[in-house]
Amino acid sequence: MSGDGLKKGDEQFPEPAHLDDAARAAQKRRNLWLGLALLGFVFLVGLTTFVRLSGSEDNQANFYYNMNQTGQEEAPALPPGMSPDQAAPPANLSTEPVGPDATADEEETPEQ
Amino acid sequence: MTDAPATPQKRYGTAGDYVQLLKPRIMMLVVFTAVAGLIAATGVTGQSMNPVMAAIAVLAVALGSGAAGAINMWYDSDIDLVMTRTSTRPIPSGAVPREEAIAMGMIMSGVSVLLMWLASNWLAAGLLAFSIFYYGVIYTMWLKRSTPQNIVIGGGAGAFPPVIGWAAVTGNTPLDAWILFAITFFWTPPHFWALSLLAHSEYEKAGVPMLPVTHGAKATRLQMLIYTVVLAAVSMMPLVTGLGGWIYGVVTGVLNLAFLYFAVRVWRSHAGDSGAPGADQKLARSMFLFSILYLFIVFAALIVEHAAGLHFPVGGL
């Protein structure tokens, strides 16, 4: 302000607009409608997100994940000429899940 | 005591004024044709859309239509003030400031496209964005004031909704979707020129180069007949592709005969000429009203066939 040649305390602020009753009522109505419109928009965005996420659980929308019905990733396509039997793991190889949980179960059994 | 000149009382916009800004009558037609595209796509392809998402997609089309209407009213407020028919619109009547109208149009455009994208896919959202741009910029700001073909080319904007509805369901736009586009596209000139025959002096006053203003009423009546003949042919194309079945064929066939009857009678009349008999003017008005009914019933026939399981194809490519 001082750079513009005004001393401290000389700042001129514009007079606030004085609205008559009708203008104030109209402004209130507009604000109400704007608020409702914003609320509606937020609701719709939330609704689309909810529907898409619900759909992705059933593998309907594939919004965030590309999963099959069991929740596991789709197996890649077999090379040409290979049958599903040939692609299957050997019979002596366990198909039980292997991981920290499985190990924990096995360790708990002898203690009981 | 002399009466003081009446000073217009300052008017504040009501919710109704803001609704008027969105051109609700056009919005109804736009929404209806979009729903028809959506339902026809489901019927033809077997692909379906979550009902909630479909409802939001339709709402997005309605908002997009309203946004385009607000942009149109913002830009055309100067000529709306000159024409009697449009002088009571919210901006020329002083109910809604121009800045508010354009702000509303721009915000609603963004919201509608975003909602469409969230509810369906980027193709439908892109088509919606383009149709708003087509109406708000290409038609309103460029074509309307520069060429007598404004209605013909600009009609493309109003023809997009069924394609958008189709794209929302399937994510693509096959030939059937573009046939629905073509029906609305070729319907627009005879529909709008019937109205402009009645109001050509208003358009002349506002400096808008509508066909009756630049080429006269006789040339306009001939063009209306030509476009009606083309429309009759195009509207039968769904029978060839299998999009429309027996019900659609019979209903649209009868409607085409009636539309052609109106077009021939208007062509032979003096509607739009200076000093034309009232009966001729009334005929042009009847054709205008009938054309609205025509589009509603044609698309309703498609909806009934595909939504109620009454689709019995005549042919099919």
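Bear in mind the structure is a predicted one, so any value in this text is a computation, not a measurement. Every chain is numbered from 1, with letters handed out A, B, ... down the list of sequences.
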Ala37(A), part contacting chain B, at a heavy-atom distance under 4.5 Å: neither
Sequence neighbours excluded, every pair satisfying ring-ring contact (aromatic ring centres under 6.0 Å, His included) that has a member inside residues 27-46 of chain B: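 Sorted result for residues 27-46 of chain B: Phe32(B)-Phe296(B).
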Heavy-atom check, side chain of Phe50(A) versus side chain of Val52(B), under 4.5 Å: no
CZ on Phe41(A) to CG on Leu115(B), rounded to 0.5 Å: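 Atom-to-atom, Leu115(B):CG and Phe41(A):CZ are 5.5 Å apart.
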Interchain contact, Leu63(B) with chain A, by part (heavy-atom threshold 4.5 Å):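 No part of it gets close to chain A.
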Greater than 12 external heavy atoms within 6.0 Å of Met83(B)'s CE: yes
Atom CE of Met28(B): over 12 foreign heavy atoms under 6.0 Å: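 For Met28(B), atom CE is not crowded (no more than 12 foreign heavy atoms under 6.0 Å).
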If the cut-off is 3.5 angstrom, what donor-acceptor pairs do you find between chain A and chain B?
from: Arg52(A); atom 1: NE; to: Leu118(B); atom 2: O; distance (Å): 2.6
from: Arg52(A); atom 1: NH2; to: Leu118(B); atom 2: O; distance (Å): 2.9
from: Arg52(A); atom 1: NH2; to: Ser120(B); atom 2: O; distance (Å): 2.8

